[in-house]
There are 2 protein chains.
Amino acid sequence: MTWKSVNFDWNHIRAFLVTAEEGTLSAAAKALGLTQPTLSRQVSALETELCITLFERVGQRLVLTSSGLELLEHARRMGDAALEFSLAATGQSQQIEGSVVISAGELTAAYMLPKIIAKLRREEPGIDIEVVVTNEPSDLKRREADIAIRSFHPKQNDLIAKKVGEEVIWLYGTQQYLDKLPSITNFSELHDIQIIGFDRSNSLTDVLNKQGWKLSKQNFSLITSFQLLQLELCKEGQGVIFFPEQMGDKEPNLVRAYEHLGPVMTLPVWLVCHQELRTSLRVRRVFDFIATELSDNFY
Amino acid sequence: MTWKSVNFDWNHIRAFLVTAEEGTLSAAAKALGLTQPTLSRQVSALETELCITLFERVGQRLVLTSSGLELLEHARRMGDAALEFSLAATGQSQQIEGSVVISAGELTAAYMLPKIIAKLRREEPGIDIEVVVTNEPSDLKRREADIAIRSFHPKQNDLIAKKVGEEVIWLYGTQQYLDKLPSITNFSELHDIQIIGFDRSNSLTDVLNKQGWKLSKQNFSLITSFQLLQLELCKEGQGVIFFPEQMGDKEPNLVRAYEHLGPVMTLPVWLVCHQELRTSLRVRRVFDFIATELSDNFY
DNA sequence: TCCAAGTCATGCGTATATGTATACCTAAGA
DNA sequence: TCTTAGGTATACATATACGCATGACTTGGA
């Protein structure tokens, strides 16, 4: 095997890849924890080495040339392989010290993780925790997070999931707002109510209507995916919200609406991590710790 | 996309990969054009960074650990991607200066390439030529060569082949040796002859026997794949050889055997290069030049 | 058993890569 | 039109990586 043809600086390829994907040298430098001049020089060095113009400099932007675009495809594959290497290496590591990235929705992050993380840090001071707060699914394969807390079962078959509980969702509102609502014997009679919505899609409406509710767009005048804002709007009397009981019951200004009708729905809570990370001492420690703490929280 | 997880020194992966494949730090360093201390430090840096022992040091050898072996798989994929990047980049290059690697059998290399290369170098002094002499097929995908001269049509569908001629193979021997042979009217009557063989396999014997020859192992007491040695043994009167007429007819000590029966076989000569390299100015220039010169040689 | 060749690890001096600072430029908003 | 923010390229000082030299050790052959 002749290695001559791969005897170039692989870090220059990395610079090219991240610059192309991020769009600017500055962003790429930041992403890699280097400085812009360094990235600039690495990309230029690659161009010189290959005698190929990878980017046209247009104003303050870098625009990929057709050559650059073609080579980017190959650079991406190298990046994908690097990612897999990284994933496998983390899985092999027997070191407890280091960082773990946890992905969770904003409510879980705000209401449940603080105490869990504080306790974990007391027991494992060598483990650094980074929390990525997002209501979107995190791509564990791409290492956006090491561990995710989610309310849906993962579809990918290289992920490991453990169910740690159920979120019971009630309808909550201020006492003042609820006093103005009519008495009902089941949710199908509930028309004239403002529910602070999560997004514009009809998925939630469809699910509830399947359960007998009679909702339409008129019931969702306020929409925000930022759940903590939902909570505040609810506290301002702007409507009711769907909220997990572990959190809603802790809000002194809110009460359950139509408690006699029972909860609206339940959502499972899954703790997920990538299969390859299960062999990492550190990730396994954090996973098991959170699993135990969350289970205690729900049961 | 978070780039944090690929923010390690990719050149350390390269060091690990080449060291694992070559078996020693010294060999790997040589292959990469670096020094052994540098490779040693790069591999050690990677081990420290990952907190994983990749190699056990056993005597003067490095032995992959099980962790190392698992990670090697991912490093290989990164190397493969680097190779493809390199191939594509060469194909994109519009620079004429640089080197081109040509793979050819020993006879072609000894008899035909000298003049062709000399002429090419006079016309294109900026192009460096490296010739890899092997009777085995070179892997163009892995960049063992940029251009190959072969007597079989390539099977891979990402190679470009151009037929540049036919090698006419005759049976050659010294006049003295041939004088002792019986008169025959066709090759099926030829039993008591020593043919200096190419290898131990029966493939040549099978091909000739299909054409009516009656050969067996007894006809091949001397076997060497080194064709120039075959030639010398033939000149020493140790037997006859199959040889292309472009070369055999130039040997003053050899004559065609049984010329009245015609040539033994013809072999096509293909000039092959990887599809992606066709867009490289340099490779295309060399390819076209050799194609023309070889064609002139055969016709 | 001894010797020669080859291997890895380490210290030191040199070469190269990186970060800081700065100049110049572009794009967007007031 | 002016201002601000953000972008790239370049010079200089500093930090890091590399090559050379060397020592310790292993391996194979005489």
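Convention: sequence-line order gives letters A, B, ...; per-chain numbering from 1. Basis for what follows: all heavy atoms, side chains included, without hydrogens, waters or symmetry-related copies. Only a predicted model underlies this, so the values are computations on that prediction, with no experimental measurement involved.
Listed by chain and number, the residues in a salt bridge (Lys or Arg N to Asp or Glu O under 4.0 Å) with A:Glu47 are A:Arg57 (sequence neighbours excluded). Annotation: side-chain hydrogen bond (donor to acceptor under 3.5 Å, both in side chains) contacts of B:Thr108 (sequence neighbours excluded): none. Under the salt bridge (Lys or Arg N to Asp or Glu O under 4.0 Å) criterion, A:Asp139 pairs with no residue at all, not counting sequence neighbours.
No side-chain N or O of A:Gln238 forms a donor-acceptor pair with one of A:Gln194 less than 3.5 Å apart.
In this structure, NZ of A:Lys30 is placed 13 Å from C1' of D:dA5, rounded to the nearest angstrom. Between the CD atom of A:Glu22 and the P atom of D:dG7 there is a distance of 11 Å, given to the nearest Å. Here the P atom of nucleotide C:dT7 and the CG atom of B:Leu62 are 11 Å apart, to the nearest Å.
Between its two ends, the helix from C:dT1-D:dA30 to C:dA30-D:dT1 turns its axis by 30°, counting five pairs per end and rounding to 10 degrees.
For A:Phe8 against A:Glu49, the heavy-atom pair with the smallest separation is CB-OE2, 3.0 Å. Nearest heavy atoms, B:Thr279 versus B:Gln94: O-NE2, 3.4 Å. Nearest heavy atom pair, residue B:Ile127 against residue B:Arg121, reads O-NH1, 2.5 Å.
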Completion exercise
Protein heavy-atom contacts under 4.0 Å, written 5' to 3' over nucleotides 10-22 of chain D as B (base), S (sugar-phosphate only) or - (none), form the string BB------BBBB-
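Of the possible donor and acceptor atoms, none in the side chain of A:Asn11 sits under 3.5 Å from a partner among the backbone N and O of B:Asp9.
Side-chain contact between B:Val131 and B:Ile129 is present, with heavy atoms from C-beta onward closer than 4.5 Å. Inter-residue side-chain proximity for B:Arg77 and A:Phe85 is flagged as unmet; no heavy-atom pair is nearer than 4.5 Å.
Near DNA chain C, defined here as any heavy-atom distance below 4.0 Å, there are no residues from residues 48-57 of chain A.
If you check every strand for non-hydrogen atoms under 4.0 Å, A:Ser26 touches a base.
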